[in-house]
Protein chains: 2
Amino acid sequence: MRNAEFDREKVLRSAMTAFMEKGYAKTSMQDLKAATGLHPGSIYCAFDNKRGLLLAALEQYRLDRSVEFEAFFADGRPVLSQLKSYLDDLVQQCLSCDSSQACLLTKALNEVAEQDAEVQQIIADNLARWQAALEQVLVRAATQGDLTSGRDSAHLARYLAMGIYGLRTFAHTHPGADTLQALADQLYHDICA
Amino acid sequence: MRNAEFDREKVLRSAMTAFMEKGYAKTSMQDLKAATGLHPGSIYCAFDNKRGLLLAALEQYRLDRSVEFEAFFADGRPVLSQLKSYLDDLVQQCLSCDSSQACLLTKALNEVAEQDAEVQQIIADNLARWQAALEQVLVRAATQGDLTSGRDSAHLARYLAMGIYGLRTFAHTHPGADTLQALADQLYHDICA
DNA sequence: CACTATCTTGAATGAGCATTCAAAAACTTT
DNA sequence: AAAGTTTTTGAATGCTCATTCAAGATAGTG
């Protein structure tokens, strides 16, 4: 009897970072060993293989982002202020130029999903959950009277998600802070007006 | 004295397709040999190495897309009708579920740009050219009186580009045709209104 | 028709990869 | 503290990869 020594969450967050920085295909087991501190054998024991580690990392990413999301929308402020803060924070993330600040879901969606139906399904499900959470936020805004009512919240949530995808991609071309902020502001405006 | 036998454009389009289907890292020289019909030695002779082939493919992609773009906006119709057609065609491309219909620029931007500053610069330049072309279209619409004047065309062009990036990413989660069309329609509306 | 310069061919090369495994280490229970 | 069980370790394995190169093929030239 002996328990595993490593901290699963820490290992998965390190793996997440490694995958985001180099992409899945280019991240070698050596890279993962360096990032996580786990020797190959341990990784295989705990996660089956490299793909298993990706799946586990995707799940951890979903959990982490879910917690982060709740933190943004759980305080008592008006919903639209919360949404504004959420978008402003996104802009700051994009500006950090830190490749580990990218979105693992969209990154993996671009790189591996087309080749791996199961990964694609998992990512699509995770993004759908996120969109559903955005929709709840917009529904709450509508009931609070902050949103022009009568508009389809599900559609608006999808449009918001689309805008955020686009903003992240746009940020990869290294625009100025004001440019990026202006795009986020207009997105906010188009959702609310 | 002997001329090269292969058709450079055909070879580059085949390489483009291969890179878009499997991603750059996962496309092996064997894949490229199968896709282009060129033996490894010929590829190295003509393009130096795999990365050189990617650079050449990116340039060919830019040319092809530029021609396509001009075709959409060169007929005599009102500019906004042309823009609508452009977006509708984009939706159809996204719906085809054909991974070779993706955008090589954004795909490569996601996968290799973070690792390769030169590739990143080339892609950023190409995307900037495209945005400039979109801006010209919007300027033309404004002078024709079809657009609410007084808005910053450069900003609108960036917003349009952002929306298109987002639409392409969104499409990877395989939404229904109506969902995607509704998003494109709203993007069009938010640009024009 | 032969010469020559260039292209094409595809097997060889060495590096790097994901994965395995048997030995060593370490924690828990007795 | 000793036994037993599981984890950790890191070298070994076999494979695939990008790249090279020398031999053979081919087209233009005189």
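Letters A, B, ... are given to chains in the order of the sequence lines, protein chains preceding strands, and every chain is numbered from 1.
S28(A) comes within 4.0 angstrom of the backbone, heavy atoms only, and of no base.
For Y44(A), counting side-chain heavy atoms from C-beta on, the closest listed nucleotide (dA18(C), dT8(C), dC17(C)) is dA18(C). Of the candidates dC17(D), dC17(C), dG10(D), dG10(D) carries the atom nearest the P40(A) side chain, counting heavy atoms from C-beta on.
For C45(A) and H39(A), each mapped to the nucleotide of DNA chain D holding its nearest heavy atom, the one lying further toward the 5' end belongs to C45(A). The 5' end of DNA chain C is approached more closely, in terms of each residue's nearest nucleotide, by D31(A) than by the other of D31(A) and D48(A).
Taking atom CG on L32(A) and atom P on dA18(C), their separation rounds to 8 Å, with Å as the unit. At whole-Å resolution of the value, NZ in K33(B) and P in dT8(C) are 14 Å apart. Note: CZ (R8(A)) to P (dT8(D)) measures 13 Å, nearest angstrom. Atom NZ in K50(B) sits roughly 17 Å away from atom C1' in dT20(D) (whole-Å rounding). With rounding to whole Å, I43(A) atom CD1 is found 10 Å from dA18(C) atom P. Atom CG of L38(A) and atom P of dT19(C) are 15 Å apart (whole Å). For M29(A) and dG10(D), the CE to C1' distance is 13 Å, given to the nearest whole Å. Look at NZ on K26(A): it is 13 Å from C1' on dG16(C), rounded to the nearest Å.
No cation-pi contact links K50(A) to Y44(A), judged by a cut-off of 6.0 Å to the six-membered ring centre and 45° from its axis.
For Q121(A) and D125(A), the side-chain atoms include at least one donor-acceptor pair closer than 3.5 Å.
A heavy-atom distance below 4.5 Å is found between the side chains of F69(B) and V137(B).
Checking the phosphate oxygens (OP1, OP2) of dC17(C), a side-chain nitrogen or oxygen of Q30(A) falls inside 4.0 Å.
Between the CZ atom of R65(A) and the CH2 atom of W130(A) there is a distance of 9.5 Å, given to the nearest 0.5 Å.
Contact check on K26(A) versus E21(A) returns no salt bridge, with no Lys/Arg side-chain nitrogen under 4.0 Å from an Asp/Glu carboxylate oxygen.
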